[in-house]
Number of protein chains: 2
Amino acid sequence: MSLRHKSTPARAEHAPLQLEHFLPYRLSILSNTISQTIADDYQSRHDLSVTEWRVMAVLARFEGLSAREVAERTAMDKVAVSRALARLVAAGRVDRTVHDNDKRRSVLKLSAAGWAIHDDVAPMARAREREVLAKLDAEERQWLERILDKLLA
Amino acid sequence: MSLRHKSTPARAEHAPLQLEHFLPYRLSILSNTISQTIADDYQSRHDLSVTEWRVMAVLARFEGLSAREVAERTAMDKVAVSRALARLVAAGRVDRTVHDNDKRRSVLKLSAAGWAIHDDVAPMARAREREVLAKLDAEERQWLERILDKLLA
DNA sequence: TGCAATTGGTTTCATTTGTAACTATAACGA
DNA sequence: TCGTTATAGTTACAAATGAAACCAATTGCA
């Protein structure tokens, strides 16, 4: 039997995972790194959380959504959306009215202040995305698109 | 000027992000979905959090690491590692001793109980990874590896 | 109608997480 | 050798998150 040293690579009989080659782990690191880099840009400038920004981003694209529809499109749960909206409305960044034909539903739109923030943050976010993609050549970028399409389908 | 309807796709002058084509967003969805699927497997069976599992996984590969080294290898911060270790040690899944030459450092190893859990969870995690990769053909898998290598470099 | 079931959304409470401060040991330099 | 600085790890407190209970409006249907 061999001597055991500090941080011995563990024994074959246990078949430990190699995190550095394990897809879920690598994706998690990559995703967190990128999201955090973008968040760093706007959190200090606008006192905006990631969930709030996501809500604003979908309201920028689809005006008049209800909270539930925002939740669908952001893949966030409705409690998180409700809380983000409470802060956004309180900060005057989102206007909330009641739906004409269904008083349970809210009708959500960015306010002028909300649009101003959006128009500041969206280009920064896009620039960060470009920075990431700049590490790849055109062929790799195409494959990445295709692969993500398949994995997310 | 055109009529405005419910959830109008917002105006060109604001150039809103299209989340469904925005890389950081798509990566986040993919990563969370995969990690959660794996976590569902072991959380109920072993009452194990994601952070605890990550700590166990690196200790399976590198026996005798210190808490700081675990933090490095898991890309978690030291507080998260400290808390995960507190639970793992309390549950008898990790053995913690003090380093001979530096009394600040801990020396961490999976216990027999820890190895038993590892040997149950690791194959499940690998199986889930295979399920994900099964959505891709061999060529796509090679590109994905290459792309992740570049983006994580 | 009228009443049960559903839906949109909020609140409450427990747990998790992040940040900063803290303790203890070790390393470094005058 | 003493005092300063750095490092390993934990603790304390605040903020974020998740699950379940909850309220109000709507729908479905006997």
Side-chain angles (χ1 to χ4, degrees), chain A residues 6-7 28 31-33 35-37 39-40 42-44 47-55 58-59 62 64-91 94-109, chain B residues 6-7 28-29 31-33 35-37 39-40 43-44 47-55 58-59 62 64-91 94-109:
Chain A
K6 286 174 49 173
S7 67
S28 166
S31 169
N32 290 341
T33 304
S35 290
Q36 196 52 54
T37 302
D40 288 346
Y42 59 72
Q43 284 183 333
S44 45
D47 185 29
L48 196 64
S49 74
V50 174
T51 60
E52 287 168 286
W53 166 245
R54 284 202 177 159
V55 169
V58 310
L59 290 180
F62 304 101
L65 292 184
S66 69
R68 193 189 59 73
E69 291 167 328
V70 170
E72 266 178 20
R73 292 195 178 268
T74 53
M76 293 162 52
D77 79 88
K78 65 178 186 166
V79 176
V81 170
S82 172
R83 287 197 265 238
L85 282 171
R87 288 190 297 269
L88 289 169
V89 170
V94 167
D95 292 332
R96 172 159 53 186
T97 56
V98 174
H99 192 280
D100 283 344
N101 303 328
D102 184 344
K103 291 173 187 162
R104 294 170 306 181
R105 308 181 54 150
S106 45
V107 176
L108 302 161
K109 306 184 184 198
Chain B
K6 286 175 49 173
S7 67
S28 166
I29 300 286
S31 169
N32 290 342
T33 304
S35 290
Q36 196 52 55
T37 302
D40 288 345
Q43 285 184 333
S44 46
D47 184 30
L48 197 63
S49 74
V50 174
T51 60
E52 287 167 283
W53 167 244
R54 285 203 177 157
V55 169
V58 310
L59 290 180
F62 304 101
L65 293 184
S66 70
R68 192 188 58 73
E69 290 167 327
V70 170
E72 266 178 20
R73 291 193 177 268
T74 53
M76 292 161 54
D77 80 88
K78 65 179 187 165
V79 176
V81 169
S82 172
R83 288 197 263 239
L85 282 170
R87 287 190 298 268
L88 289 169
V89 170
V94 167
D95 292 332
R96 172 160 54 187
T97 56
V98 174
H99 192 281
D100 283 345
N101 304 329
D102 183 346
K103 290 174 190 165
R104 294 170 305 179
R105 310 184 53 164
S106 45
V107 175
L108 302 161
K109 307 186 184 198

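Below, all heavy atoms of this structure are taken into account, side chains as well, without hydrogens, waters or symmetry copies.
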message = Salt bridge check, B/E72 against B/R68: does any charged N sit closer than 4.0 Å to a carboxylate O?
response = yes
task = Just do the side chain to side chain contact (heavy atoms under 4.5 Å, CB included) check on A/M76 and A/V50 with the steps written out, would you?
result = CA-CA 11 Å; A/M76 293 162 52; A/V50 174; over 6 Å; no
query = Are a donor atom and an acceptor atom from the side chains of A/S49 and A/R83 found within less than 3.5 Å of each other?
reply = no
key: Listed partners of B/R96 passing salt bridge (charged side-chain N to carboxylate O under 4.0 Å, His left out), at least two apart   = none
task = Find out whether B/E52 and B/Q43 are in side-chain contact, i.e. whether some heavy atom of one side chain is under 4.5 Å from a heavy atom of the other.
result = no
ask   = For the side chain of A/T37 and the backbone of A/T33, is there at least one donor-acceptor N/O pair under 3.5 Å apart?
value = yes
ask   = How many angstroms lie between atom CD of B/E69 and atom CG of B/L59, to the nearest 0.5 angstrom?
value = 10.0 Å
task = Tell me, please, the opening and closing nucleotides of DNA chain D, 5' to 3', among those with an atom under 4.0 angstrom from a non-hydrogen atom of chain A.
result = D/dT17 to D/dT26
note = A correct 5'-to-3' footprint of nucleotides 9-19 of chain C, with B, S and - meaning base, sugar-phosphate only and no protein heavy atom under 4.0 Å, is BBBB----BBB
